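Only one structure is covered here, and it is reproduced in the block below.
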Amino acid sequence: MLTNAPRGTKDILPEQIGNWIAIENKIRKTCATYGYEEIRTPIFEHTELFHRGIGEGTDVVDKEMYTFTDRGGRSITLRPENTASVVRAYLQNKLYAAGGLVKLFYIGSMFRYDRPQAGRLREFHQFGVEALGEENPAVDAEIILLAWDFLKNLGLDELRLKINTVGCPNCRPVYRQKLIHYFGEYLDELCGDCKNRIEKNPLRILDCKIDGGKEFVEDAPKIETCLCDDCREHFSRVQEFLRAANVDFEVDSRLVRGLDYYTKTAFEIQYPPLGAQSAVAGGGRYDGLIKEIGGTPTPGIGFAVGLERIFIALEKQNLLKPVENKIDAFVVTAGAMAEVCGLKLLTILRRENISAVMDFAKRSLKAQMKQAAKSGAKFALIIGEEEVENSTVTVKNLETSAQEKFPVREVAAYIKK
């Protein structure tokens, strides 16, 4: 039906917008505290960017992308995530030219064709952060702390931070071969997706939603047995920085990022009361991504937060409060000339940054006063025949019922006072 939004999408209604704005303001304030700047990328990109940036053989690329051919015959995809887009913008706009660490954040819609469920829509909103140009493990810790502080600043309790390392191109191939050999012995017990992953992406078997809880997956080889000295030292330093910041964490050897360009640090912040959908933030280091999409090898790390899931978490803790969008004044008019004067008064008030509305349905004076009270306005500004003749306005305080007349030119100053 034309009156129904497409499945997996959702209207954000006026009474909900206040909370969205509050969350977005919290995002911008937290990021500013950490020195990150906002970036806005196109809502669609060339499909190849996501093929190379996310990777063939992933569920996102193989099953979930909204891809179409435009009128010029180009393959275009609605962004399923924003890291690849931010990296593309970093390269195209030469954000690296000044040297040093480039610190960016974004807020926006993403699109994935998936079975809609609580906290997972086909159009969903993400807040994310990317730090490009520095391999120091202190940056890893800063990224994790930014995500942690944002969630804590929202008032969320019971958060759990899990971290891991996924190695690097020097040591991960050794671990990859160990997993291929190990899971090869359990091929008949793997789900269909994991049977395909065993050669392409064996690390993804470790966090498979179907196989992840099976005993033989729990007993799979751990990556720490294969780490090179550099990766081992990097991970040790990340933990040292987190301890210095007094943030509790758990090392989870099954927390992975299975694509080749992911390196070293991987992390996830969970809110256990959400159950199966407990992950509210996740990210990792991707030192191979910029090279993968055509740039000079450059280190990078980031995370993303699904905002719909954040709202569910906030509701569970009763942290979402109605945000009232009250107006300052409601203009009440009686007669055609009063209506003209009322519109003139509205213009004066609005140009003084005073929020004001009026009734356009030509209701009775009594009905307009009821509407003024219902609107939540503090003042009713009444214009009748006498006010029109004398260029005055009767100002009624709807909280105290006190009223007095003022010249039109003095109304804005009185309301401000």
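This chain uses plain numbering: 1 for the first residue, then up along the sequence. All figures in this text were calculated on a predicted structure; none of them were measured in a lab.
- In this structure, the side chains of Ile12 and Trp20 come closer than 4.5 Å at one or more pairs of heavy atoms.
- At least one donor-acceptor pair closer than 3.5 Å links the side chain of Thr33 to the backbone N or O of Lys29.
- Looking at every heavy atom in both residues, Phe183 comes nearest to Leu190 through O-CD1, 4.2 Å.
- With contacts defined as side-chain heavy-atom distances shorter than 4.5 Å, the pair Phe150/Ile269 does not qualify.
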Q.
side-chain contact (heavy atoms from CB on, under 4.5 Å), that's the test. Do Asp207 and Leu255 meet it? Break it down for me.
A. CA-CA 7 Å; Asp207 66 351; Leu255 178 63; over 6 Å; no
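- For the residue pair Thr83 / Glu130, a side-chain donor-acceptor distance below 3.5 Å is found, with atom types taken as modelled.
- Between Thr69 and Ile76 the shortest side-chain heavy-atom distance does not fall below 4.5 Å.
- A salt bridge is defined here as a Lys NZ or Arg NE, NH1 or NH2 lying under 4.0 Å from an Asp or Glu carboxylate O, and Asp230 with Lys264 meets this definition.
- Contact check for Asn19 versus Phe311: side-chain heavy atoms found under the 4.5 Å cut-off.
- Between the CZ atom in Phe241 and the OG atom in Ser236 there is a gap of 10.0 Å [rounded to 0.5 Å].
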*Test Asp193 against Lys63 for salt bridge (Lys or Arg N to Asp or Glu O under 4.0 Å), laying out the working first.*
CA-CA 11 Å; Asp193 284 339; Lys63 302 177 182 179; 3.0 Å; yes
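- If you take OH on Tyr271 and CG on Leu159, they are separated by 8.0 Å, rounding to the nearest 0.5 Å.
- Asn201 places no side-chain N or O within donor-acceptor distance of the main-chain N or O of Arg204, the cut-off being under 3.5 Å.
- Of the possible polar contacts, none joining the Asn397 side chain to the Ser401 backbone as a donor-acceptor pair under 3.5 Å is found.
- For the atom pair Leu91 CG and Thr298 OG1, the distance stands at 7.0 Å (nearest 0.5 Å).
- Going from atom NZ of Lys362 over to atom CD of Gln368 covers 11.5 Å, rounded to the nearest 0.5 Å.
- In terms of heavy-atom proximity, Gln403 sits nearest to Lys396 at OE1-CD, 3.5 Å.
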*Could you walk me through whether Asp140 and Arg285 pass the side-chain contact (heavy atoms from CB on, under 4.5 Å) check?*
CA-CA 7 Å; Asp140 304 40; Arg285 180 165 281 282; 2.6 Å; yes
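- Sparse packing is recorded around CD of Glu135, with 12 or fewer heavy atoms of other residues, nucleotides or ligands lying under 6.0 Å away.
- The backbone N or O of Ile205 sits nowhere less than 3.5 Å from a side-chain atom of Asp211 that would complete a donor-acceptor pair.
- Remark: the backbone N or O of Val139 is not paired with any side-chain donor or acceptor of Asn136 at under 3.5 angstrom.
- Between Phe406 and Glu404 there is a side-chain heavy-atom pair separated by less than 4.5 Å.
- The backbone N or O of Leu13 lies less than 3.5 Å from no partner atom in the side chain of Asp11, so there is not a single donor-acceptor pair.
- Aromatic ring centres of Phe303 and Phe127 lie closer together than 6.0 Å.
- Between Ile293 and Ala84, the closest heavy-atom pair is CD1-O, 4.3 Å.
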Practice item. Begin from the C-alpha positions of Leu203 and Leu179 and carry the test side-chain contact (heavy atoms from CB on, under 4.5 Å) through to its verdict. Key: CA-CA 7 Å; Leu203 273 73; Leu179 290 180; 3.8 Å; yes
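- A donor-acceptor pair shorter than 3.5 Å can be found between the side chains of Tyr34 and Asp149.
- Neither side chain, Glu48 nor Ser75, offers a donor N or O lying under 3.5 Å from an acceptor on the other.
- In this structure the side chain of Phe379 never reaches within 4.5 angstrom of the side chain of Val411, judged on heavy atoms.
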**OP:** Could you walk me through whether Glu189 and Lys214 pass the salt bridge (Lys or Arg N to Asp or Glu O under 4.0 Å) test, one step at a time?
**Re:** CA-CA 9 Å; Glu189 299 182 50; Lys214 295 177 180 177; over 6 Å; no
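- Atom CZ in Arg254 sits 8.0 Å away from atom NZ in Lys162 (nearest 0.5 Å).
- The ring of Phe105 has its center no closer than 6.0 angstrom to the ring center of Tyr36.
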Per-pair distances, 0.1 Å, donor-acceptor, side chain in residues 331-346, under 3.5 Å, sequence neighbours excluded:
none

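- Using a cut-off of 4.0 Å between Lys/Arg side-chain N and Asp/Glu carboxylate O, Arg40 and Glu38 are scored as salt-bridged.
- Remark: Asp248 CG is loosely packed, at most 12 non-hydrogen atoms of other residues, nucleotides or ligands lying under 6.0 Å away.
- For Lys10, the NZ atom counts as loosely surrounded, since its 6.0 Å shell holds 12 or fewer non-hydrogen atoms of other residues, nucleotides or ligands.
- Not one N or O on the side chain of Glu158 forms a donor-acceptor pair closer than 3.5 Å with the backbone of Pro273.
- Looking only at distances, no side-chain donor or acceptor of Thr392 sits under 3.5 Å from a matching main-chain atom of Lys405.
- Shortest non-hydrogen contact noted between Lys326 and Gly376 is CD-O, 3.7 Å.
- Between the Arg197 side chain and the Gly192 main chain, no donor and acceptor come within less than 3.5 Å of each other.
- Counting only heavy atoms from C-beta outward, the side chains of Tyr66 and Thr77 never approach each other to under 4.5 Å.
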What's the verdict on salt bridge (Lys or Arg N to Asp or Glu O under 4.0 Å) for Glu240 and Arg243, showing C-alpha distance, side-chain angles and the deciding distance? CA-CA 5 Å; Glu240 184 180 353; Arg243 290 190 191 98; over 6 Å; no
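- Interatomic distance, Ile223 CD1 to Thr165 OG1, rounded to the nearest 0.5 Å: 5.5 Å.
- Ser253 and Asn164 share no side-chain donor-acceptor pair at under 3.5 Å.
- Remark: Arg79 fails to qualify as a cation-pi partner of Phe111 under the 6.0 Å distance and 45° angle criteria applied to the six-membered ring.
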**Stepwise side-chain hydrogen bond (donor to acceptor under 3.5 Å, both in side chains) test for Tyr175 and Glu224** = CA-CA 9 Å; Tyr175 182 53; Glu224 53 262 32; over 6 Å; no
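- Ile327 and Ser375 make their closest contact through CD1-OG, 3.9 Å (heavy atoms, listed as atom of the first residue, atom of the second, distance).
- Using modelled atom types and a 3.5 Å distance limit, the side chains of Thr9 and Glu123 yield no donor-acceptor pair.
- Checking side-chain atoms of Gln277 against main-chain N and O of Leu274 turns up no donor-acceptor pair under 3.5 Å.
- Side chains of Arg309 and Arg120 form a contact here, defined as non-hydrogen atoms less than 4.5 Å apart.
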#### Entry: Trace of the salt bridge (Lys or Arg N to Asp or Glu O under 4.0 Å) decision for Glu37 with Lys103
CA-CA 6 Å; Glu37 297 179 296; Lys103 303 165 77 169; over 6 Å; no
Candidate pair Arg112 and Met65, rule side-chain contact (heavy atoms from CB on, under 4.5 Å), full reasoning
CA-CA 5 Å; Arg112 293 187 190 180; Met65 294 203 314; over 6 Å; no
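- Contact record, Cys231 with Cys171: SG-SG, 3.8 Å, taken as the closest heavy-atom pair.
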